[in-house]
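This report concerns only the one structure given below.
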2 protein chains.
Amino acid sequence: MTCVYRAPEKHPHCGTVWLVATAAADATREGAGVATLSDVARRAGVSPATASRVINGSSKPVTEELRERVLRAVAELQYVPNAHAQLLARSHRGAVGVIVHDVSDPYFAEITRGLQRVATDQGRLLMICNSYRDPERELEYVELLRGQQVAAIILAGSGYHDADFTRLLNGKLTAYEATGGRVAVIGRHEHSGDAVMPDNRGGGELLGRELCRLGHEHIGVVAGPRVLTTTTDRLTGLRAALAEHGRELPEHRVRYANFDRDGGAEATAALLDAEPGLTAIAALNDSMAIGALALLRDRAVPVPQRVSVFGFDDMPMARDVTPALTTVRLPLVEMGSRAMALALDPGAAGPRVESLPAELIFRDSAGPAPR
Amino acid sequence: MTCVYRAPEKHPHCGTVWLVATAAADATREGAGVATLSDVARRAGVSPATASRVINGSSKPVTEELRERVLRAVAELQYVPNAHAQLLARSHRGAVGVIVHDVSDPYFAEITRGLQRVATDQGRLLMICNSYRDPERELEYVELLRGQQVAAIILAGSGYHDADFTRLLNGKLTAYEATGGRVAVIGRHEHSGDAVMPDNRGGGELLGRELCRLGHEHIGVVAGPRVLTTTTDRLTGLRAALAEHGRELPEHRVRYANFDRDGGAEATAALLDAEPGLTAIAALNDSMAIGALALLRDRAVPVPQRVSVFGFDDMPMARDVTPALTTVRLPLVEMGSRAMALALDPGAAGPRVESLPAELIFRDSAGPAPR
DNA sequence: AGCGGTCAGGTAAGCGCTTTCCTACAAGCC
DNA sequence: GGCTTGTAGGAAAGCGCTTACCTGACCGCT
């Protein structure tokens, strides 16, 4: 990955995204006639070795005259080196693989920003894969990334409560590590190696304490899928904090749905239908909270006068909805950069786990419980 | 791209994103000892050729016994083929490259969704590059993608008013096409080949007519960078519609800023400071419109009673802000899928240009001009 | 003149895979 | 038995590049 991508230092934050569709690419042999290094060498009247040296700025010296001839040939033929051949010949691993649920989800977009920052600083290629919350696809992507010879794999996003899957995934990751690959996880419990953990449980506790402080007794929880550890961690923290204050959260006041806007609206509707007297809706992520707000608006329920709404994550959008969302902030960008730093630093032998704290951001969507 | 990525048909919408940092990756030679095809062959007691045939499900028949031995060896060694070597050996182009301004921008996220849908259907790898609106980086990425041997390059997003750049870019694209690569653009004028064009001008006209219908006379425009053709196209349409109704838009009522939320807030502030009497703010994209709404809320200006706000694009978020945004919808997902279809279909000789219509979505942020 | 020491540049051996072509063997026929 | 035919499997030639190693020219030295 050298030569052609000139002057990288000019663009410290440049980045590229590759979207890879896994389906078997039975591409045709399109387009012959791409100029190769030998073509350049022939045209310049030198050996391929010399051409390669000029093009890569190798340490081996080349006379000014030959250098110029080569560069002229490169320009004339519009030569661009074949990246696959280079990678193969150098047999080194330049890229880093990342598996997230969905990059277009702001939660992961922020994490990705952090990952990218560090990766770019270190001149690394980043390959990001969307699993769309499908465990099997995660397994597939681990293999795909292995095949792409990435130097490290970073798994971001919630893990799954599924022992079989966890064992399988761990097996694959361990095999990968055995061949010199590095692994880091963000907010998942599966892997026993390096990890960056947002304090989901602690964030849940913050939420619970705030609910108590505001005097809410009738609380409904809009939760993500129960197979996700993120959901259960946040819920556990919330319950613990409520328990401190002698309150409890019965299971029928927790509704599980998709971790997105529509899931949030759906779960909120179900909660309100079952118990119209709720004074607070705690959504376990901001997307769901926004869905909750939308539903409440549709039903003309005043927020926060009748019902307070809480989110989780503090996505950029949280401040732009009306009323602005009270939420638990996680340092997403930092989570990304820390994880990448761990993955790229072979460092310590033992697994390193960094925990990052949550923080409550109070905005307009929450208020004291009405009486 | 075969074998290991099993059962792709099970996951019709799977996809992966690669984020590529361009900086020169001077990666170390990490991790030796990865199992190769020869290792598998040796362990199975067959030739590499046979192993390859089994693993790829080649058409050439292999006895059941050998096949099993190979598969067992694959499993035991946790073998994953080296994707670069495969690509090199097959010397075919499987992936499609995409250059956008920024995938985490909802506008491009939607387009990408469309691109991805078609790419996945055709079993193509997709590589997406963020240019962050830097023309030079676009040029770099064209080369990078060429080096990655992509079958097609799709350029999405606004073009630039910069003749030098356009010439340079066209040169590179033409060179790429000469070697059998295919090019399609989305919403850009630069390239003379296949293109999908959103009707930015027509959308601007819709906006202008709506403003007139509502009786607005004092209109401020919150515009993106003036070097972007998207900005000027939309503005041209808007001006044309206003002219139809005998109104004109003086240049001092147009403020140019970044095409994002903060740019929108900034431009709106400048407009209102200069002319407190404005009754409508037309933002040339939704992000800017949301920034405008935020600013107006800060200043306690009632929307739409005192000032109406209009957006452009109809990003998913437009319906979740308060008041919900009146905006011009572009069929973003469809633009993506059409473009990919064009790029993958060698089809007609002449350049094909598809124009997709804009549509006005009326929501709460707009109302009649106050008197 | 003869020697070793530089140094620019070329030669060729891979990197890990695919695929063409060839061999060897078994089957089927007169 | 000798012949053709069919077929499973192997040998080997790349794909486009990098790089360790070799060559030969040229220098300065005894």
Side-chain angles (χ1 to χ4, degrees), chain A residues 1-4 25-27 29 31-42 44-70 74 77 79-94 146-149 179, chain B residues 1-4 25-27 29 31-42 44-70 74 77 79-94 146-149 179:
Chain A
M1 310 266 64
T2 56
C3 62
V4 216
D26 54 351
R29 293 179 163 273
V34 190
T36 71
L37 183 65
S38 317
D39 296 334
V40 172
R42 199 171 315 121
V46 301
S47 74
T50 304
S52 169
R53 295 199 260 260
V54 170
I55 292 173
N56 296 286
S58 132
S59 59
K60 200 139 191 202
V62 175
T63 28
E64 196 49 38
E65 199 214 320
L66 292 197
R67 147 167 281 106
E68 269 176 23
R69 293 221 308 260
V70 170
V74 165
L77 295 174
Y79 169 72
V80 177
N82 181 321
H84 299 298
Q86 283 189 317
L87 240 46
L88 186 56
R90 289 209 262 256
S91 68
H92 78 192
R93 306 160 150 197
R146 213 140 82 78
Q148 293 284 345
Q149 314 300 108
T179 63
Chain B
M1 308 269 64
T2 55
C3 64
V4 217
D26 55 351
R29 294 179 162 271
V34 190
T36 73
L37 183 64
S38 318
D39 296 335
V40 172
R42 201 171 314 122
V46 301
S47 74
T50 305
S52 169
R53 294 200 260 260
V54 170
I55 292 173
N56 294 289
S58 134
S59 59
K60 196 135 196 205
V62 176
T63 27
E64 195 50 35
E65 201 216 319
L66 291 198
R67 148 168 280 102
E68 270 178 20
R69 294 219 310 258
V70 170
V74 166
L77 295 174
Y79 170 72
V80 177
N82 181 322
H84 299 297
Q86 283 189 317
L87 240 47
L88 185 56
R90 290 208 261 254
S91 67
H92 77 194
R93 305 160 150 199
R146 213 141 80 77
Q148 293 285 344
Q149 314 299 107
T179 63

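Quick note on labels: first sequence line is chain A, next is B, and so on, each numbered from 1.
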Fill in: pair V62(A)-V70(A): side-chain heavy atoms closer than 4.5 Å
no
Worksheet item: Who pairs with S47(A) by side-chain contact (heavy atoms from CB on, under 4.5 Å), at least two apart in sequence or on another chain?
Response: A49(A), T50(A)
Worksheet item: CG of N56(B) versus P of dC17(C): gap in Å, rounded?
Response: 10 Å
Practice prompt. Name all residues meeting the side-chain hydrogen bond (donor to acceptor under 3.5 Å, both in side chains) criterion together with R69(B); count only those two or more places apart in sequence or in a different chain, and write none if there are none.
Written response: E65(B)
Worksheet item: Taking atom P of dT19(D) as reference, at what distance in whole Å does atom CG of L37(A) sit?
Response: 12 Å
Worksheet item: How close or far is atom P of dG16(D) from atom CG of L87(B), stated in whole angstroms?
Response: 12 Å
Practice prompt. Please identify each residue that fulfils side-chain contact (heavy atoms from CB on, under 4.5 Å) with E64(B), with sequence neighbours left out.
Written response: R67(B), E68(B)
Worksheet item: How does protein contact run along nucleotides 5-15 of chain D, one letter per nucleotide 5' to 3', with B for base contact, S for sugar-phosphate only, - for none, heavy atoms under 4.0 Å?
Response: ---SBBB--BB
Worksheet item: Given atom NE2 of H84(A) and atom C1' of dC17(D), what is their separation to the nearest angstrom?
Response: 13 Å
Discussion item. Is Q86(A) close enough to dT18(D) that one of its side-chain N or O atoms is under 4.0 Å from OP1 or OP2 there?
Written reply: yes
Discussion item. Between H84(A) (side chain only) and A85(B) (backbone N and O only), is there a donor and an acceptor less than 3.5 Å apart?
Written reply: no
Practice prompt. Apply side-chain contact (heavy atoms from CB on, under 4.5 Å) to V46(A) and R53(A), showing your working.
Written response: CA-CA 11 Å; V46(A) 301; R53(A) 295 199 260 260; over 6 Å; no
Worksheet item: CD of Q148(B) versus P of dG16(D): gap in Å, rounded?
Response: 15 Å
